[in-house]
Amino acid sequence: MSQLSEELKEYLKETNQYEHVVTLLYWDMKTGTPKLGQAGHIDAVTYFSAKEFARNTSEKLGELLEGLSAPAEYDALDDTWKFIVRRMKRDFDRNRRIPPEVYEAYVREQAESGRAWEEAKNASDFSIFAPHLKKMIERTKEITGYTDPGREVYDALLNQYEEGMDSATIDRLFNDLKKDLVPLIQKILAAPQPDDAAFHQSFDLDAQRKVQRMLLDYIGFRRDAGTVGETEHPFTLNFCSKDVRVTNHFHEREPLSAIFSAIHEGGHAIFEQNINPEYDGTVAGSCTYMGVHESQSRFYENILGRNKNFWIPVYDKLKTLLPQLQKVSPDEFYREINHVRNSMIRTEADEVTYCMHIILRYEMEKAIFRDGITVEDLPALWNQKMQEYLQITPASDAEGILQDMHWSDGSFGYFPSYLLGSIYDGMFLEALEEELGSIDSLLADGRIGEITKWLNEKIHQYGSTRLPAEVIRNVCRKEVSAKPLIRYFTEKYTAVYGL
Ligand code: ZN
């Protein structure tokens, strides 16, 4: 190791102390801080984030990265550190191009916009949020002009959440899906639907917490490197591969919601826990590609969790913890966890109609950044697309365009990641079955550990060091395609609904 690379390591070590504190404060704010204590925590988070940002954009760091990018230094680095230097240099240059006063204004506007969105959602009144949304769109265009000069704005945004992805590829993938899914969904909705009364009785919340524990253990979440909290919106947060935390929500009459959130966040966590520990504390660790990340949470939630065989080894345990299910047969349980409904809310959607919720948002974002649609016209476009894709029209903006918070803090281009994740899953499932055999028998035989090990080896261990397209090519030896996912949906739901 050269002197410069030792210096960079030392520098990172100190920066990580700030990040560690910010992460811990954030966790505490979400899971334990009392209402009156929030303001003090926000002050502390702001203080430590500013310190961290200053270190990440300092002259000193710039010199270190510049020095390490010179051929004599760079060539002497191992592959991991080559990646780290390249990635840090890119992010450094990007961040330094944003004028500090623009960044500061953006942070403040994000907070104001978030508050306005909440108020608008509670009042179901889009006009409260509209001026802030307009500001977020303008500011996003401005900042993207600094971070990605010369690049078309929406493609630059997509690339920020799923590196290497662009709208031409997503157009192809989503159009393929749309063509086959719209008629499939119509057929499913016309078929007889299961009776779901047994799933909406009163379920003890503590029993639901025990179910979460049981499921996390079952899928391979490591308790010595992870813990669990409760929040209204479930999420996963990590310090490093040795400390990964998930949250869940519990509703008395919706036990399936907690069950599938537990598996989903568990999937995110298993990914993070199995990244090469040598990457901890660097940009090589913690996967920053949202499509790839969602592919893992959704693989556990949907491909595994909504498979009948997943439940065979644990169904008795589940019935012991939730005695209301004593009279529900495994077949009835399977039917309900794959109950397709045309509902208004994305986060409550089944795995099939979920795709249409994302395609709608993707098309809306393109309308904003490509076609320059005015903010005032957005609710009508939303409602028109809901009618076209799911044959329902929101009764209010709260259950329409105001339902998600993403646009309120300027996270444009994030939504497609969820569906890219499912598209990758279709491909991963094919590759996995070619190598390990039928997933049905693996699950039925209680060999889920072999599936997790396969995902660890093929995907998780690499963290951020492999770009999404490289992950796909290495696991599947093919270019990305929606065909496997379409095949999976068609075969599964033809059988479930007897189409
Ligand atoms: Zn997720």
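In what follows, every heavy atom counts, from backbone to side chain, and hydrogens, waters and symmetry copies are set aside. Every number for a ligand or one of its atoms is a count from 1 in the order of the listing.
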* To do: Decide, counting backbone as well as side-chain atoms, whether Glu265 has an N, O or S atom less than 2.8 Å from the Zn ion (ligand 1).
  => no
* To do: Apply the test side-chain hydrogen bond (donor to acceptor under 3.5 Å, both in side chains) to residues Ser411 and Asp409: give CA-CA distance (whole Å), side-chain angles for both, the deciding distance (0.1 Å), then the verdict.
  => CA-CA 6 Å; Ser411 299; Asp409 67 1; 2.8 Å; yes
* Structure fact -> Partner of Glu430 under salt bridge (charged side-chain N to carboxylate O under 4.0 Å, His left out), picked from Lys478, Arg477, Lys483, is Lys478
* Asked: Which N, O or S atom name in Glu294 marks its closest approach to the Zn ion (ligand 1)?
  -> OE2
* Asked: Going from CG on Asn338 to CD on Glu351, what distance comes out if it is rounded to the nearest 0.5 angstrom?
  -> 6.0 Å
* For the Zn ion (ligand 1): the N/O/S atom of His264 at shortest distance -> NE2
* To do: Please report the C-alpha distance between Arg370 and Glu152 in whole Å, then the side-chain angles of each, then the deciding distance to 0.1 Å, and finally whether the salt bridge (Lys or Arg N to Asp or Glu O under 4.0 Å) criterion is met.
  => CA-CA 9 Å; Arg370 290 268 162 84; Glu152 197 275 327; 2.8 Å; yes
